[in-house]
Amino acid sequence: MAAAGAEAVVAEDEEKRLPEGDPESGGDSEDEGDSDLSGDGEDEEKENEAEIQRLEEQLSINAFDYNCHLDLIKLLRQEGELVKLRRARQKMSELFPLTEEIWLDWLKDEIKMASESSEREKVYELFERAVKDYICPEIWLEYAQYSIGGIGQEGGIERVRSIFERALTAVGLHVTKGTALWEAYREFENAILETAQPAPGSVPSPEQQQMLCTQLEKIHTLFRRQLGIPLLDMETSYAEYEEWSEDPIPETTIKNYKKALQQLEKCKPYEEALLGAETPKLAEYQAYIDFEMKAGDPARIQLIYERALAENCLVPDLWARYNQYLDRQLKVKELVLSAHDRAVRNCPWTVGLWIRYLLAMERHRVDHSSISEMFEKALNAGFIQATDYVEIWQAYLDYLRRRVDFTQDSSKELEELRSAFARAVEYLKQEVEERFSESGDPSCTIMQNWARVEARLCNNMQKARELWDNIMTKGNAKYANMWLEYYNLERAHGDTQHCRKALHRAVQCTSDYPEHVCEVLLTLERIEGTLEDWDAAVQKTENRLARVNEQRAKAAEKEAALAKLEEEKAEQRKQARAEKKASKKAKKARSGEKRKADDDDEGEWGQEEEAEQPSKRHKGDGLLEEDMEVEMGLFGRSGPEKPDRPANQKEKATTSRKDIPKVLHDSSKDNVTVFVSNLSYNMAEPEVKLKELFESCGEVAEIRPVFSNKGTFRGYCYVEFKEEKSARQALGLDRQAVEGRPMFVSPCVDKNKHPDFKVFRYSTTLEKHKLFISGLPFSCTKEELEDVCKAHGNVKDIRLVTNRAGKPKGLAYVEYENEAQASQAVLKMDGLTVKEHVIKVMISNPPLRKLPDKAEAGRASQFAVPRQVYGARGKGRTQLSMVPRALQRQGNPVAKAENGMVQNSAAASSAPPEEPKKMSNADFAKMLLKKSAPLIEVVQNNLFCPQLCTSSFQALNCVRTQIPAVPRDPAG
């Protein structure tokens, strides 16, 4: 009726338009400046018309585009197109509940144009629609004030009073905004009192005297009612009543006033929390709701729920809690059904709200056609999961089943139920499976329920068997639980012959738990079968279990073979990498300039030993300063000198390295430090570049880039701030592009102490308001993708997925403002062609990462090489052993982990450890030059060790032509 009234207004005012522009800008002028302004206005008008046409076309494609509706209404109101504006508002109000601002704009525009009584009635109808969407004090106040304008019509005063009373019932308890309504109502009654006063000097008649008393009592009643409600600024209202009333205030009113003041003090903390909180204020509203629920006043509970929903209309859980309260406590038909209707209009993508609505309609005896119509609306709501359609169908089928009188052999309701079951199966097979690539009902629960209805309530086992046969052909025959469900149905409503037949088929087909099915078959034959039945069952179960065990054994062997093959491949890859690495190191060593060894000059060996030998530390001692710096990657640009450097360059490099201040990493400063990685290796002056970048977050205390021993930048660094809040703010720069690569910024955490620490800033769970898009062209930019996505809703964020080098991977995440927009975007964008690429669009729900099985982990640990713990950033090169392992075994037989290998000795456990004899590089060189056999052993064991000291390489270069190339044994 309201919609028809609005359309009538549109038809009657076809030629009317809203006032346009500023009155001062009107009028004719022949000035050149005015003509320019006129030209600009025409251009702007053409642009607006083109934009209006585009928005209308967009809405014809997707009528549920909320933002598109808002933009169109705004443009039409700006252009003054009343006819189109009314139609646009009408269409939007049919799809969505309108906000307070939209309703007030619409009402004010219509009030301006309403001059005749018939037009005023249409405005009244519009007000009635407005107050049903949300409980808004401003709309009720506008409604009451507008009705005062019709006081001169017949029944005008009573109509105004009726509207004021409804407004007080709806929002008169509003703590912060209710006072305005009470005062407006009193002012209206005071105005009537003034008109009822007799003329000065005249004596009022008995009728006038009676009317005056009645009117005074009405005002007294309004004051007393208001003072009994906790409202802000109650003291002012009480003082006003004292001043207005000629009689003393009754004790009952004073008592109620004091009680209301006490209640107001309890409500003030919650009102102040709402005033100070930021939207959406869900936590504050929930606390307020809990407080009112404990108090137990239904009117106040309803009001606080409505206030919360006015600001959080897109929160399905809030609607669900409100509707549950109304269903269980108030149980008022009009109120309950109105709340359910508003819930599904605000959150149409939430299947739970639709199911509750159908139940509420059935509970309040709504006619069958209305319930069926609401169910059809639910099917077109655009749910985001296939299982949602299964749930809504099941709820509707339950309703239809409750309508059937099964004492009759056939009825119209029963035929409708069977037809609905068949339609549900077909709908899930075609509509849902085509959209989601799955029916959402793999276990065929709807068909199972249909079979139960036919068997238990209709005594039609033949139909139930047909349904179960269909269920088994849909891939369920391999599951034992499905066969047992069918067996139980036959057991309860069928006969033994069909039970036996079902179990024999189950033994033959079940692959997950055949033992259980075999046991059930033997139990049946033990109780009801003959000897022949027993023998047949035993033979069938034994044969089946034998085949199952054979298949399991083959599968286990195949799995073991695959695992062994994978281990062999892994070992081969490991050996190939080691050989490749050793080949590069050997080639590098041969390219250096050869030096002659001076056998007689021990002093030179000693000098080189002093210059080259790294600082030593014994077992049990703490890390020395240099060791710690290497471990934490703080060594700076300088590294070990190359063997072919001249002596003067070598000395300068050594001096330069010594001049660099050595700074130990202080773990106590981790809270003010961030770790920056994935930077370009070619970055020039990383300290300067990063300082400019991070100074926006706060004062930078130090930037420590990490360099290799060759002096090249390794792509990561530590940034230390003065304050902890600066470090937290710096984390916001994560993934920012720096020289074409995404820079990773993470907290500074010692992974040696926290091995499980990982930083991932994005959610790995289901996010119904976010889309995952794949198949994008690599050339697609963020702006281009936003142009495609914003047509379906308000896009909050777009993230293009890139690799570590910053190159696109053809994937993106698009975050919308709410779930409704995301679900509509999936419907419209999935399968869309973007730059000749067909994209796939789905709701973001990343799969869980599979952790390795315990068996695999244990198997891998058998081949894992024990590693020594070196710290957060690994082992520095200068910590590697410089003594060949052959000499280590000669000097120290105790098993030790050196260079990543473990040396085991049976004798080591019995013999006490001996102090190894210390050898200088000169002694080592002499030994190499005297005997060739030990030399071969040394080279065999150290051919792939790149960390031999320079003096050792000099000795090896003297005799390398005498030694054949011996590959290293992968087993060590």
Q.
Salt bridge check, Lys689 against Glu687: does any charged N sit closer than 4.0 Å to a carboxylate O?
A. no
| request: Let me see the working for Gln575 and Glu579 under side chain to side chain donor-acceptor pair (under 3.5 Å), right down to the final yes or no. | output: CA-CA 6 Å; Gln575 183 177 355; Glu579 291 177 354; 3.3 Å; yes
- [ ] State whether Glu784 and Lys835 are salt-bridged, where the test is any N-O pair (Lys NZ or Arg NE/NH1/NH2 against Asp/Glu carboxylate O) under 4.0 Å.
- [x] yes
CG of Asn678 to CZ of Arg741, rounded to nearest 0.5 Å, is 4.5 Å
query: Any ion pair linking Glu571 and Lys574 (charged N to carboxylate O, less than 4.0 Å)?
result: no
Value for NZ (Lys790) from CG (Leu785), rounded to nearest 0.5 Å, stands at 11.5 Å
**Prompt:** Can you tell me if Glu284 uses its side chain to pair, donor with acceptor, with the backbone of Ala277 under 3.5 Å?
**Reply:** no
Here the gap from Tyr716 atom OH to Leu679 atom CG, rounded to the nearest 0.5 Å, amounts to 11.5 Å
By side chain to side chain donor-acceptor pair (under 3.5 Å), Asn346 pairs with (sequence neighbours left out) Tyr134
Output for pair (Cys717 SG, Phe675 CZ), nearest 0.5 Å, gives 8.0 Å
When rounded to the nearest 0.5 Å, the distance separating CD1 of Ile73 from CD1 of Ile52 is 12.0 Å
To the nearest 0.5 Å, atom CG of Leu282 lies from atom CD of Glu311 at 9.5 Å
- Decide side chain to side chain donor-acceptor pair (under 3.5 Å) for Glu702 and Tyr718; before the verdict, give the C-alpha distance in whole Å, the side-chain angles of both, and the deciding distance to 0.1 Å. CA-CA 8 Å; Glu702 183 182 11; Tyr718 297 86; over 6 Å; no
Residues passing the salt bridge (charged side-chain N to carboxylate O under 4.0 Å, His left out) test with Asp830, sequence neighbours excluded, are none
Side chain to side chain donor-acceptor pair (under 3.5 Å) filter on Glu819, not counting sequence neighbours, yields Trp349
Inset, instruction - Take the angle between the ring planes of Tyr813 and Phe772 and call it parallel below 30°, perpendicular above 60°, tilted in between. - result: tilted
Here the pair of heavy atoms bringing Ser746 nearest to Leu731 is C-CD2, 3.7 Å
Under 30°, 30 to 60°, or over 60°: which ring-plane class applies to Tyr66 and Phe96, parallel, tilted or perpendicular? perpendicular
Query raised in the report: Taking Asn312 for the side chain and Pro280 for the main chain, is one N or O donor matched with an acceptor at less than 3.5 Å?
Result: yes
message = Between Lys782 and Glu786, does any NZ, NE, NH1 or NH2 come within less than 4.0 Å of an OD or OE carboxylate oxygen?
response = no
* To do: Taking Glu699 for its side chain and Phe721 for its backbone only, find out whether a donor-acceptor pair lies under 3.5 Å.
  => no
- Item | Arg714 to Phe707, cation-pi by 6.0 Å centre distance and 45° axis angle | no
(request) For the pair His769 and Glu817, evaluate side chain to side chain donor-acceptor pair (under 3.5 Å) and give the outcome as yes or no after the intermediate values. (result) CA-CA 7 Å; His769 66 290; Glu817 197 170 58; over 6 Å; no
**OP:** Determine whether Leu75 and Glu51 make a side-chain contact, defined as any pair of heavy atoms from C-beta on separated by less than 4.5 Å.
**Re:** yes
